[in-house]
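Every heavy atom of this structure was used, including side-chain atoms; hydrogens, water molecules and symmetry mates were not. Order of appearance sets the numbers: ligands from 1, and atoms from 1 within every ligand. Remember, it's a predicted structure, so these values are computed and weren't measured experimentally.
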Amino acid sequence: MIGALVLGKLRKNALRDTETNLYNLARLMASVEAANPTHLWSDQLPRQLAEVAKDTGLHLSLWFANGTQAGGAVEDGSESGKILEAPEFLNARGKDYGFARRPLGQKGGGDYLLLVVPILFEVDVIGYVRIGSPLTIIAERQIELRDRVLAGTSISVVIALGLGFFYTRYVTRPMTEIGESCRRLAAGHFEERIPIRRADEIGVVADTINRMAGEVRRRIRLESRERKRLAALLAVMADGVVAVSARGEIAYVNRVAAEWLGLPEGVAGKTWAEALVWPEVRAVYEETLASGRRVCREARLMAASGGRVVRIDATPLADEDGAPFGVLLVIHDLTEIRRLEETRRTFTANASHELKTPLTAIGSLVDTMLDDPAMPAETRRRFLGRIRNQSIRLYELVQDLLAISRLESDAEVPARQRLDLAKVVEACVQDFGEIAKQKGVALVCEPSPVPLWISGNDEALRLIFNNLLKNALSYTSEGGRVMVQFTLAPAETSVVVSDTGVGIAEEHLERIFERFYRVDRARARTEGGTGLGLSIVKHLALVLDARVEVRSRVGEGSQFTVIFTRLA
Ligand code: ADP
């Protein structure tokens, strides 16, 4: 475009310059001729003009006012006087000069720029100077100029293309690549790296982004490791943990909480309403969110969680500017603690009651004896006998209570050693021989043909079998039979103590191992039972890694089996 504009302008300028030059020359010549009008008639004139024309390449001719050519020359094929009709002359009429552009001479010749200036003598026009310049000269110059402009423009275009190529290669394309990489980074592909290694600004940008991506990746990895650690911790925690957003969506539930609250898997992301969480838990959540303070409540979760008693500890979660975004609920199971507390309470009550009964009996017997000094000796002896029985019962009770409290304090775990179970049991059976005979009950022990090695404690084993034998004899009436048998399995050794006594009804079987539990209180008391024997047996068996099983049928008898792990 610049080329085209410049060329157009140059062409105009060239024409104008040519016109000006021709005008000046013509004026000069007109002045010279006006100063010496005779020269127009000189026969030298045509030659002089031809010489000038030859040297300058210009057309030069002088005319008289009537239109005949000066110096007798005849050119342009013009008849004398006719020339005045030529456009340049017509244009000059009454004016300072006249221009025309037209061919001159023979047909087919190029255009000339012709200028006519009148020669004035005083105020009369005595002739004309006509001067012409072939336009071909201007055109040639014009072509030369155009070529130059074209060359310049071409060079500029080539340089511009080169610069464009350079710009694309070194600026635009790397920026596009950086943009692409940034998009992938933003989409979470933090392993993405921009492959630009340059020392310039783009290189610095790429390097900074790469480093930033590395740092983000490192932090995310740290963060996720931290999160995994936390998740593992929460998952193995014995307490239930539930995180709920301020909108009531469950953000996290650990396994324990899910189990206790009966939440199905994949509950995270659902709202309270969808998850149907207990109203008690929900109330704590709402209170915490509303108050912005920590709230601690005890609640009993019904049905699905088996009437679990829990303490719900709710902490509001707030971000840096204090806006609450959720609540963290930690659920602590109090069921076992409550049950233990209950057991302890009943145990104390039961123990006091059991102690009180023989003491009251002794007290009233002693009072009666004191009140009646004249009591017959027979009655006195019978009273003393009953006092003795009650004190034995008291002694036994205290003995059992001590045994239980010893067993419960973990400090006293009986030392275990390799011993022959058959020997210990046989010795116990022997101890009861006399009592059995007195009661008229047959006590039979089938001896073991081989030693039965177990890891046990002599005293604990004696306690176990003394209790079982004592019960068997107590609850078997005269003429009955108590049997002790050994059975062997590849990994186990069992001792079976069976009797043909009163038996235990199905509904009591579960509970006879509880402390102070007696099927028939009146009968047990006459038999001197404390209700603690079987609970001691069970406890000791547990300590020795053994287990106790019971089978019984009312009226037919009972069978207690203690199963030990066998040593080679
Ligand atoms: P106790 O000192 O009263 O015998 P235990 O704890 O030893 O207390 O036994 C609990 C209850 O289990 C007894 O009161 C009795 O009713 C029942 N029982 C235990 N052993 C037998 C048995 N061999 N035959 C029938 N009932 C038994």
Counting only heavy atoms closer than 4.0 Å, does ligand 1 sit against the backbone of [X], its side chain, both, or neither?
X      : value
Ile512 : both
Phe560 : side chain
Asp499 : side chain

Using a strict 4.0 Å threshold on nitrogen-to-oxygen distance, state whether [X] and [Y] make a salt bridge.
X      : Y      : result
Arg339 : Glu336 : yes
Arg229 : Glu226 : yes
Arg551 : Glu556 : no
Arg338 : Glu342 : no

Check: Per the side chain to side chain contact (heavy atoms under 4.5 Å, CB included) rule, which among Val253, Asp313, Val281 passes with Leu329?
Finding: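 Of all the options given, the one that passes is Val281.
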Note to self: Which residue is it: Val550, Asn471, Val548? I am looking for the one with a side chain to side chain contact (heavy atoms under 4.5 Å, CB included) to Leu534.
What the structure shows: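 The passing option is Asn471.
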Margin query: Donor-acceptor pair, distance only, cut-off 3.5 Å: does the side chain of Arg380 make one with the backbone of Ala374?
Written below: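 Judged by distance alone, no pair lies under 3.5 Å.
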Checklist line | Sidechain-backbone polar pair: Asn254 side chain, Leu234 backbone, donor-acceptor under 3.5 Å | finding: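 Yes, the answer is positive, given that a donor and an acceptor are paired below the 3.5 Å cut-off.
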Those atoms of ligand 1 less than 4.0 Å from some heavy atom in [X]:
X      : answer
Gly533 : 5 (P), 6 (O), 7 (O)
Ala472 : 23 (N)
Tyr517 : 10 (C), 11 (C)

Check: [X] N/O within less than 3.5 Å of ligand 1 N/O:
X      : answer
Ile504 : no
Leu534 : yes
Asn471 : yes

Notebook entry, point to check: At a 4.0 Å cut-off, with the gap strictly under it, does some heavy atom of Asn467 reach an atom of ligand 1?
Noted result: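 Contact absent.
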Check: Does ligand 1 have an atom under 4.0 Å from some heavy atom of Ser558?
Finding: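 Under 4.0 Å: yes for Ser558.
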Checklist line | Option with minimal heavy-atom separation from atom 1 (P) of ligand 1, where the choices are Ser498, Gly531, Ser474 | finding: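 Looking at heavy atoms only, Gly531 sits closest to atom 1 (P) of ligand 1.
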